[in-house]
Amino acid sequence: MPMRTASVVLDIQTQSLDSLYTYVVPDELTGVQVGCAVLVEFGARRAIGYIMEVIEHDEADVAPESFAKLKPLLQVLSASYFDEDGAALIQFIAHEYVAPLSSCVHLLTPVGRAPKVVKRGDVWELQKPARRRKKHVAEPEPPLDEDIAEAAEAREAFDLTDGQAKAIEVIQGCIDRCAGEVAVIDGVTGSGKTEVYLRAIRHALELGRGAIVLVPEIALTPQTVSRFEDRFGDTVAVMHSRMTGAERYDQWEAVRIGRKRVVVGARSALFCPMPSLGLVVIDEEHESTYKQESAPRYHARDVAAWMAQRTGAALVLGSATPSIETLCRTKVDDSWHRVSLPARANGKPMPDVRILDMAREFGHGSRSMFAKELQNQLFAATDAGHKAVLLLNQRGFANFLLCRECGYVPECDTCSVSLTYHEVGRKLVCHHCGKETTAPVTCPVCGSPYLKKFGAGTQRVEMELRRLLREHCEASGATMPRIVRMDSDTTSTRDAHEKLLAEFGAPGAAVLLGTQMIAKGLDFDEVVLVGVINADTQLRLPDFRSAERTFDLVEQVAGRAGRGKLDGLVLVQTYMHDATAIRAAAAYDRGRFLRDELPKRKMLGYPPYARLANILVWGADEAEVRTEAMKLSERVNETIVDIMGPGWQNLGAAPCAIDKLRGQHRWHILIKAPAGSDISKLAEPVIRKRKANKKVNVAVDVDPYSLL
């Protein structure tokens, strides 16, 4: 009888154990397959492991003594969470993003449903997830039954634009060829990209294959999900972080058994156990939410591209402002196809965008945070019963307090940032660690009562907006419009997004004031005016993507206006009216922006002309952090000289832009590598060979989205 061994990832978060371990599979142990959770003995303790490979050995070819030192698997604890493709995906992410194997495994296990081993005194005890009461689970149905097919056909009984028709043709070709190709749908806001996705999904379902649709977290509103449910009925699963663990598990299980064939969700939905994956759609592919900021620090776009290559699925990347990396990839890779949708599906023109120079307003004596033209257009829109959207790229009442006598600015004592002033409760809040304190009445340094509130947060803008509209309505006899504020303060509770958007969308005049979350995914026909209160926020950040983010934000929020029968107008307030990113976005001129941006990136060695890896070092002891960062930087230099060769660059160890966060001092080492190179080949051995230091944490961010 052949002997079997299993390669296992241990669920132990320790750098020194980050490799596969081999165990013997006892003959009497049943249910052993790739993806199962198993109980194993490791040293003097018991641990949970996940099977990555099962190997059969012919007894005639293997000496018995080679198995003598191997320990046996003790118990199978679950059915398979993932298959061979999933095991390969785990190892790809672990290498590509220099991440612990155990954290990569948990991307593919249902939240809160994996077994654990916990230590009670001197004993390690097994904890299995509580059994859920079994519901009646219907047998898997055909991917697209007759009723759903008929409903889909009825909803598709309208003419497509030429751009939509071309996009669908390209995507269907990618699906049919099963070659892991990518279709980039470069369509202006309102060009009908969602309809393209829906018809592409239908094609995949008709072929018996499943589809995963990723959207930015904030776009998971009923407005978005309902379009997929209206088209495909009960075969749609929805997954995002605001659901309970039990809700997410039910959806996960329904996908695994084939009862749900379309998944709509945020970043983590990419790892659903979809049998026979045929299509992955990433909407608003430029969004930062697709990059995970904790281990494993993967980018959903790049992982999806690898999955498509592995499984033969088609990948669709859609955006009105595709990332620079994506646009450049379409020019050098024949398997990446770009399709342009330059016009709105309803034939309406894009709204006019006007730049308002706030420095000039100030010079003419205006002290309001709203330019005169924005005030007048706001009054006209609400008086006519229409809706307006105002974007402010920050929350709170003011950026910071400043003593006009001595220059003192209250700062967080655990983060190297100023505290944000909130009018409600007169408190100072750190937006990084959440620490709160009461705002002082006088300066704690010099005792001066002259504490000036600098900057404008959403609370302050809301108060000023209410005052402005109230005075106008009292003078003109107009009805006061509803004012809805959306930021991370007002949307922290469950279903808050849904309730606030329903309030804004109700009949009658209304103004929606919010942060970046309102810049995308909103589709209200009655919005005739969009105002950007301060377009400069991103431009002032010390980050190579700051101009791109500004261009994207202005163009995306502009797309909220004039989506229905009424014409739209966009007013962009700025103190940097000559900035190319703002000028180009206002003119819908991406070419102008790229002609300015790309030479800078090429000269300085930033993506898409290079790959980056940011080694992060942090801890409570500043000296220990600095010493560890310097040692790692030396090892990086040695590895570049000994192994990598020319074209690789280490910018050296330095404090992060935010050098203290939640009481932790932060340093980083930025590595630049030639475009297309395996940058993990350098970072991985540097990190794996590092001796553990209990006082200092180290992680690698490959292809970082932010360098702050």
Side-chain angles (χ1 to χ4, degrees), residues 18 88-101 104 180-182 184 285-286 290-292 295-310 315 317 322-336 543-545 548 597-617 629 632-654 668-690 698-707:
D18 201 30
L89 175 61
I90 289 166
Q91 292 185 295
F92 164 75
I93 295 175
H95 167 73
E96 185 73 4
Y97 298 100
V98 196
L101 279 164
C104 298
E181 296 172 77
V182 180
V184 177
E285 69 87 22
H286 66 282
Y290 292 123
K291 180 75 162 88
Q292 177 148 305
R297 292 173 168 81
Y298 67 91
H299 196 299
R301 178 193 60 217
D302 301 329
V303 172
W306 184 92
M307 290 171 61
Q309 282 289 318
R310 170 89 183 186
L315 171 61
L317 305 177
S323 64
I324 288 178
E325 288 92 333
T326 293
L327 288 172
C328 291
R329 182 75 179 268
T330 62
K331 294 185 177 182
V332 298
D333 191 331
D334 291 339
S335 68
W336 283 52
D543 194 288
F544 76 95
R545 295 187 197 273
E548 183 181 4
E597 181 70 10
L598 290 178
K600 296 175 184 175
R601 299 235 186 144
K602 189 171 186 177
M603 179 180 67
L604 297 172
Y606 284 112
Y609 302 104
R611 286 196 76 188
L612 305 180
N614 199 25
I615 299 179
L616 304 166
V617 187
L632 285 171
S633 183
E634 289 177 10
R635 290 189 199 122
V636 168
N637 286 333
E638 291 168 1
T639 307
I640 289 175
V641 172
D642 296 342
I643 301 174
M644 311 316 300
W648 294 68
Q649 183 182 9
N650 172 19
L651 298 190
H668 71 140
I669 303 155
L670 187 63
I671 303 166
K672 294 182 179 180
S677 60
D678 182 1
I679 200 167
S680 302
K681 189 177 179 182
L682 181 152
E684 193 169 31
V686 169
I687 299 303
R688 303 290 189 214
K689 293 177 183 178
R690 167 184 172 262
V698 174
V700 180
D701 190 359
V702 173
D703 300 325
Y705 191 81
S706 172
L707 298 179

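Residue numbers count from 1 along this sequence.
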Closest approach of [X] and [Y], non-hydrogen atoms and distance?
{"X": "Asp543", "Y": "Leu707", "result": "OD2-N, 2.7 Å"}
{"X": "Gly180", "Y": "Gln309", "result": "O-NE2, 3.1 Å"}
{"X": "Cys104", "Y": "Ala99", "result": "SG-CB, 3.8 Å"}
{"X": "Phe544", "Y": "Glu597", "result": "O-OE2, 3.6 Å"}
{"X": "Pro704", "Y": "Asn614", "result": "CG-CB, 4.1 Å"}
{"X": "Gly605", "Y": "Ala610", "result": "O-CB, 3.6 Å"}

Side-chain touch [X]/[Y], heavy atoms, less than 4.5 angstrom:
{"X": "Val686", "Y": "Val700", "result": "no"}
{"X": "Arg297", "Y": "Val702", "result": "no"}
{"X": "Leu616", "Y": "Val698", "result": "no"}
{"X": "Asp703", "Y": "Pro607", "result": "no"}
{"X": "Cys328", "Y": "Val332", "result": "no"}
{"X": "Gln91", "Y": "Leu89", "result": "no"}
{"X": "Ile324", "Y": "Glu548", "result": "yes"}
{"X": "His668", "Y": "Val617", "result": "no"}

CA sep, side-chain torsions, deciding dist, call: Ile643, Leu682, side-chain contact (heavy atoms from CB on, under 4.5 Å): CA-CA 8 Å; Ile643 301 174; Leu682 181 152; over 6 Å; no
Exercise. Would the number of heavy atoms belonging to other residues, nucleotides or ligands and lying under 6.0 Å from CG of Asp642 be above 12?
Worked result: yes
About how many Å separate [atom2] of [Y] and [atom1] of [X], when rounded to the nearest 0.5 Å?
{"X": "Leu612", "Y": "Tyr606", "atom1": "CG", "atom2": "OH", "value": "7.0 Å"}
{"X": "Met644", "Y": "Ser677", "atom1": "CE", "atom2": "OG", "value": "7.0 Å"}
{"X": "Asp678", "Y": "Arg611", "atom1": "CG", "atom2": "CZ", "value": "7.0 Å"}
{"X": "Arg329", "Y": "Asp302", "atom1": "CZ", "atom2": "CG", "value": "8.0 Å"}
{"X": "His286", "Y": "Leu327", "atom1": "NE2", "atom2": "CG", "value": "11.5 Å"}
{"X": "Asp701", "Y": "Gln292", "atom1": "CG", "atom2": "CD", "value": "10.5 Å"}

What verdict does the salt bridge (Lys or Arg N to Asp or Glu O under 4.0 Å) test give for Arg545 and Glu325, after you've listed the backbone C-alpha separation in whole Å, the side-chain angles of each residue and the deciding distance to 0.1 Å? CA-CA 11 Å; Arg545 295 187 197 273; Glu325 288 92 333; 2.8 Å; yes
Item to complete: Check step by step if side-chain contact (heavy atoms from CB on, under 4.5 Å) holds for Ile687 and Ile615.
Response: CA-CA 9 Å; Ile687 299 303; Ile615 299 179; 4.2 Å; yes
| message | Set out, in order, the CA-CA distance, both residues' side-chain angles and the distance that settles side-chain contact (heavy atoms from CB on, under 4.5 Å) for Thr326 and Glu285, then state yes or no. | response | CA-CA 9 Å; Thr326 293; Glu285 69 87 22; 3.1 Å; yes
Contacts of Phe92 meeting ring pair (Phe, Tyr, Trp, His ring centres under 6.0 Å) (sequence neighbours excluded), chain-then-number -> Trp306
For [Y], is there any backbone N or O sitting under 3.5 Å from a side-chain donor or acceptor partner on [X]?
{"X": "Lys291", "Y": "Ala300", "value": "no"}
{"X": "Thr639", "Y": "Arg635", "value": "yes"}
{"X": "Lys672", "Y": "Leu604", "value": "yes"}
{"X": "Ser680", "Y": "Ala683", "value": "no"}

My understanding is that only residues two or more places apart in sequence, or in another chain, count here; which of them pass side chain to side chain contact (heavy atoms under 4.5 Å, CB included) with Glu684?
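Partners of Glu684 by the side chain to side chain contact (heavy atoms under 4.5 Å, CB included) criterion, ordered by chain and then number, come out as His95, Val98, Arg688.
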Starting from the C-alpha separation in whole Å, work towards a yes-or-no answer on side-chain contact (heavy atoms from CB on, under 4.5 Å) for Asn650 and Ile669. CA-CA 7 Å; Asn650 172 19; Ile669 303 155; 3.2 Å; yes
Under the salt bridge (Lys or Arg N to Asp or Glu O under 4.0 Å) rule, what do Lys681 and Glu96 come out as? Steps first, then yes or no, please. CA-CA 9 Å; Lys681 189 177 179 182; Glu96 185 73 4; over 6 Å; no
